[in-house]
Colleague: 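The structure's right below; bear with me while I get my questions together.
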Amino acid sequence: MSLLDRHRAVMPTWMPVYYGDDALEIVSGSGRHVTDATGRTYLDFFGGVLTTMIGYDVAEISDAVRAQIGTGVAHTSTLYLIRQQVELAEKIARISGIPDARVFFTNSGTEANETALLMATNVRRSNQILAIKNSYHGRSFGTMAITGHRSWSSSSLQPFAVNWLASADRLRGRMAGLDDAALIDAAVDDLREVLSTVTAGDVAALIAEPIQGVGGFVHGPDGLLGAYRKVLDESGILLIADEVQTGWGRTGEHFWGYQAHGVTPDLITFAKGIGNGYALGGVVGRVEVMNAVPAISFSTFGGNPVSAAAGNAVLDYVLDRDLQGNARRVGAILLDGLRELDSAILAEVRGRGLMIGLEFTRPGTTEPDPAATVRVFDLCRANGLLVGKGGLYGNVIRIGPALTLTEEEARTGLEILRESIVTADTEIRTL
């Protein structure tokens, strides 16, 4: 049996694998490149879903992990002091932008968002949550309830009373074609309408991704979350920024995605890139909100010595080498080059820094074209580039390389993307 056959024999059917019958096994990596089981090397523009944020085989991270493992202690539980955890929490609290912040570590973004919801609902004594259509916040029972993305909503059963706000999709829907000012006005009107009509009045929190990840990197204009916050403050509703994909300087312009909006959240959730592949996530927030859990609680593996050692090395690497600045510079090469491309199937190029989405539609329309998207996706691999897919209709190519991406690598990837799009466009025109 092939590895794919063995995978299908023991894994659930709802766990997707890219490339179908030609599924890829990555066996080694270095920098921004990975090698598969056949020996072919690819430039990686997806980083394990924006998780391998520094790249592969990074000495500073490997050395930090080896040093911790060398002590013989991989786990002690938070019932004992963990130096690596405390040091990482100090750094995150300091850069969070939240005064006198507290930090709680988890294993993933899903668990981080569950924790934030636990805190917010306890503070407000309410299970009412505002969420954004087209959002994704995790795969657990609670986070699925606040995920506004049909493909990832596996159950209508839920522990929250969730009310939905319009997404900032400018191709279709309520916000289609609006400029920045008009979109913000429409979004605020939508929020006020939801609060006055379909809630019971004591809403706990709004949870929002500054840039929607699985949703295809859709995002609103600068200031949108700040405009929301003015309305939320009228009723004491908390703001949770889901920074699982946007944090750590990925957007280039800011260290956290929320900083583009002139607002400070009550809670920030994080994960993915901070561990660079090691399981690490968490919540950082205002002390009175973070302390609002009325019983004893902890995470067995969240912030364990090994993952925390990796997290410390990752964060030091990001800050010492100004990877935020690199994301801005190198991301501009990709964004500018892709926006110059004249293609009938490429409806929109959006994103910031090294978080870029390409939405494909049928020529001359806003009708999603997932088949064209898959064709571009497959051509990228054939030409030596790995990218991701997403969007509500499966018609968005997602680009999220390591923040260490070089200018040369960006230009190489850009050329492959352009060639793949042009080829797919030509094929469609000749059908």
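One is the number of the first residue; the rest follow in order along the sequence.
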Colleague: Side chains of F104 and T106: closer than 4.5 Å at any heavy-atom pair?
Modeller: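 A side-chain contact exists here, since the closest heavy-atom pair is under 4.5 Å.
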Colleague: I need the full list of side chain to side chain donor-acceptor pair (under 3.5 Å) pairs touching residues 69-79, with sequence neighbours left out, sorted by first then second residue.
Modeller: Q68-T71
Colleague: Quick check with a 6.0 Å cut-off and a 45 degree axis cone: is R381 positioned over the face of F377's six-membered ring?
Modeller: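 Relative to the ring axis of F377, which defines the angle, R381 lies outside at least one limit.
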Colleague: Going by the side chain to side chain donor-acceptor pair (under 3.5 Å) test, which pairs reach into residues 291-302, not counting sequence neighbours?
Modeller: E111-S299
Colleague: Specify whether Y136 and W152 have parallel, tilted or perpendicular ring planes, treating 30° as the upper limit for parallel and 60° as the lower limit for perpendicular.
Modeller: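 Correct class here is perpendicular.
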Colleague: Under the side-chain contact (heavy atoms from CB on, under 4.5 Å) test, which residues partner Q128, sequence neighbours left out?
Modeller: S126, A161, N163, T199, A200, D202, V203
Colleague: Just checking, any donor-acceptor pair under 3.5 angstrom between side chains of E243 and T246?
Modeller: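 Yes, a side-chain donor-acceptor pair sits under 3.5 Å.
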Colleague: Identify all side-chain donor-acceptor contacts of residues 353-360 below 3.5 Å with residues at least two apart in sequence or on another chain.
Modeller:
residue : atom : partner : partner atom : Å
E359    : OE1  : R350    : NH1          : 2.8
E359    : OE1  : R350    : NH2          : 2.9
E359    : OE2  : R172    : NH1          : 2.7
E359    : OE2  : R172    : NH2          : 3.1
E359    : OE2  : N395    : ND2          : 3.2

Colleague: Without hydrogens or angle criteria, can the side chains of N113 and T269 be said to hold a donor-acceptor pair below 3.5 Å?
Modeller: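 Yes.
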Colleague: Among all residues two or more places apart in sequence or in another chain, which pass the side-chain contact (heavy atoms from CB on, under 4.5 Å) test with V17?
Modeller: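 H7, A23.
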Colleague: With sequence neighbours excluded, what pairs up with A64 under the side-chain contact (heavy atoms from CB on, under 4.5 Å) test?
Modeller: A313
Colleague: Are Y56 and D44 close enough that a side-chain donor and a side-chain acceptor fall under 3.5 Å?
Modeller: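 Judged by distance alone, the side chains do pair up.
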Colleague: Assign the ring pair W248 / F255 to parallel, tilted or perpendicular, where the plane angle (0 to 90°) is split at 30° and 60°.
Modeller: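 Taking F255 first and then W248, their aromatic rings stand perpendicular (interplane angle over 60°).
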